[in-house]
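Predicted model, so just to flag it, every value in this text is computed and none were measured. Order of listing sets the numbers, starting from 1, for every ligand and every atom in it.
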Amino acid sequence: MSIKPTETIWHNGKFIRWDDAKIHVLSHVVSYGSGVFEGIRCYKTKQGPAIFRLKEHMQRLIHSAHIYRMDLPYTLDELCNVGAEVIRANHMQECYLKPIAMRGYGEVGVNPFPCPVEIYMACWEWGKYLGPEAIEQGVDVCVSSWQRMAPNTLPAMAKAAGNYLNSQLIRMEAMANGYVEGIALDTSGCVSEGSGENIFLVLDGKIITPPLSASILDGITRKTILTLCDDLGIPCVEQQIPREMLYTADEVFFAGTAVEITPLRSIDRITVGKGSRGPVTKRLQDEYFAIVSGEKEDRHNWLTPVAAPVAAAR
Ligand SMILES: Cc1ncc(COP(=O)(O)O)c(C=O)c1O
């Protein structure tokens with residue numbers, strides 16, 4: 001999906017032109033992957049554009065930075081306000097918002113401390129991550145030969161640029177073999193997550209998803225699904241999932257900001273359930289899309305209107 005430029009990007013407290021958001025090739029992040037970031041969706045609602053779970057995303061950004069000993073000179077409220085301002089400044093109705101904090105240009109070497117922390121926030125138009133039909137028809141995926149990193153190697157709960165080298169291996173291998181996406185196992189051989197999304201199984205009306213200890217990102221859509229399951233009275237547990245359960249589940253779906261809720265219709269060319277979107281997946285999709293589009297009451301206060309300053313809005 002090519003990027004359609006918008007007018008302006010926020011950098012360390014100032015708005016700059018899209019084309020001026022450039023970094024030096026010797027910036028620390030380029031060689032060592034020392035960046036943390038977020039991917040946030042802003043939805044078009046009848047009440048105007050609204051950002052989905054803005055505070056939770058910015059909180060995760062702060063946590064990711066903290067894990068990597070990176071000081072962000074902005075509070076949670078300030079980052080939320082900037083997020084809304086970036087969307088307002090670019091006159092977007094619906095978009096993807098990306099805050100990035102990275103180690104910039106300073107000294108050369110692994111030690112990141114001499115390199116300044118640079119913060120950017122950009123937004124642009126974005127469609128459906130796995131294609132427009134994926135949400136209804138589902139996608140064909142495989143189990144990857146690549147595993148997620150062991151817990152004592154790279155912290156999976158930090159949304160850090162370096163982690164996405166692992167994600168790229170999973171995604172490239174899947175695509176090279178004719179699949180849309182890959183599912184990684186963790187180092188114990190149990191199901192972890194997709195290259196950029198969490199995974200859920202439906203078995204006998206009950207939902208199962210891997211725990212945080214399975215080297216997964218603590219996904220905000222994942223948390224949203226857990227809450228929606230509670231609301232809808234769908235039993236849901238977090239537990240270790242052996243690989244073969246993927247093949248015997250009635251339904252399997254991915255959840256993430258990019259994929260939203262996307263059904264899987266086959267895994268390793270084995271049909272999942274009836275090979276089409278199942279009823280539990282559809283029920284959760286209907287609830288999710290009704291809330292993010294503003295059609296249904298935002299009972300959990302998940303939407304932040306872009307029009308008003310955040311502090312006043314929530
Ligand atoms: C590796 C990985 N897992 C899971 C997710 C889903 O997380 P979220 O729902 O917060 O977007 C993402 C997306 O950011 C991801 O990159």
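Scanning Ile40, Ile199, Ile220, Val259 for the heavy atom closest to atom 8 (P) of ligand 1 points to Ile220.
For Arg60, the closest heavy-atom approach to ligand 1 falls below 4.0 Å.
Near Glu193, with a cut-off below 4.0 Å to any heavy atom, the atoms of ligand 1 are 1 (C), 2 (C), 3 (N), 4 (C). Each of the atoms 4 (C), 6 (C) of ligand 1 lies under 4.0 Å from some heavy atom of Asn198. Set against the non-hydrogen atoms of Leu217, the atoms of ligand 1 under 4.0 Å away are 2 (C), 3 (N), 4 (C), 5 (C), 7 (O), 12 (C), 14 (O), 15 (C). Residue contact check: Gly219 has heavy atoms under 4.0 Å from atoms 7 (O), 8 (P), 9 (O), 10 (O) of ligand 1.
Nearest protein heavy-atom contact of atom 9 (O) of ligand 1 is Thr221 OG1, 2.6 Å. The single protein non-hydrogen atom nearest to atom 12 (C) of ligand 1 is Gly196 O, 3.3 Å, given as residue, atom name and distance. Nearest protein heavy-atom neighbour of atom 14 (O) of ligand 1: Lys159 NZ, 2.6 Å. Of the protein's non-hydrogen atoms, the one nearest atom 11 (O) of ligand 1 is Thr257 OG1, 2.6 Å. The nearest protein atom to atom 16 (O) of ligand 1, hydrogens excluded, is given as Tyr164 OH, 2.4 Å; this is a heavy-atom distance.
Between Phe37 and Tyr120, the distance from one ring center to the other does not fall under 6.0 angstrom.
Residues Ile199 and Thr209 approach most closely at O-OG1, 2.6 Å, considering heavy atoms.
In terms of modelled atom types and a separation under 3.5 Å, the side chain of Ser195 and the main chain of Ile170 share no donor-acceptor contact.
Within the 4.0 Å heavy-atom criterion, the part of Ser195 lying near ligand 1 is the backbone and not the side chain. Contact annotation for Glu197 and ligand 1: only backbone heavy atoms (N, CA, C, O) come within less than 4.0 Å of the ligand.
Taking the six-membered ring where tryptophan is involved, the planes of Tyr96 and Trp126 are tilted, since the angle between them lies from 30° to 60°. The aromatic rings of His24 and Tyr105 sit tilted, their planes meeting at an angle between 30° and 60°. Ring geometry, His28 versus Tyr32: the interplanar angle falls from 30° to 60°, so the pair is classed tilted.
Because its NZ or CZ atom is not both nearer than 6.0 Å to the ring centre of Tyr164 and within 45° of the ring axis, Arg171 does not count as a cation-pi partner of that residue.
At a 3.5 angstrom cut-off on N or O pairs, Ala258 does not count as close to ligand 1. Taking any N or O of Arg148, backbone or side chain, none lies under 3.5 Å from an N or O belonging to ligand 1. Remark: ligand 1 and Arg222 share no N or O pair separated by less than 3.5 Å (distance only, no angle test).
Here Arg88 contributes atom CZ and Cys42 contributes atom SG; the two are 11.0 Å apart, rounded to the nearest 0.5 Å.
Between Arg41 and Glu125, no side-chain nitrogen of the basic residue sits less than 4.0 Å from a carboxylate oxygen of the acidic one, so the salt-bridge criterion is not met. For Glu193 and Arg148, the salt-bridge test passes: some basic side-chain N is under 4.0 Å from an acidic carboxylate O.
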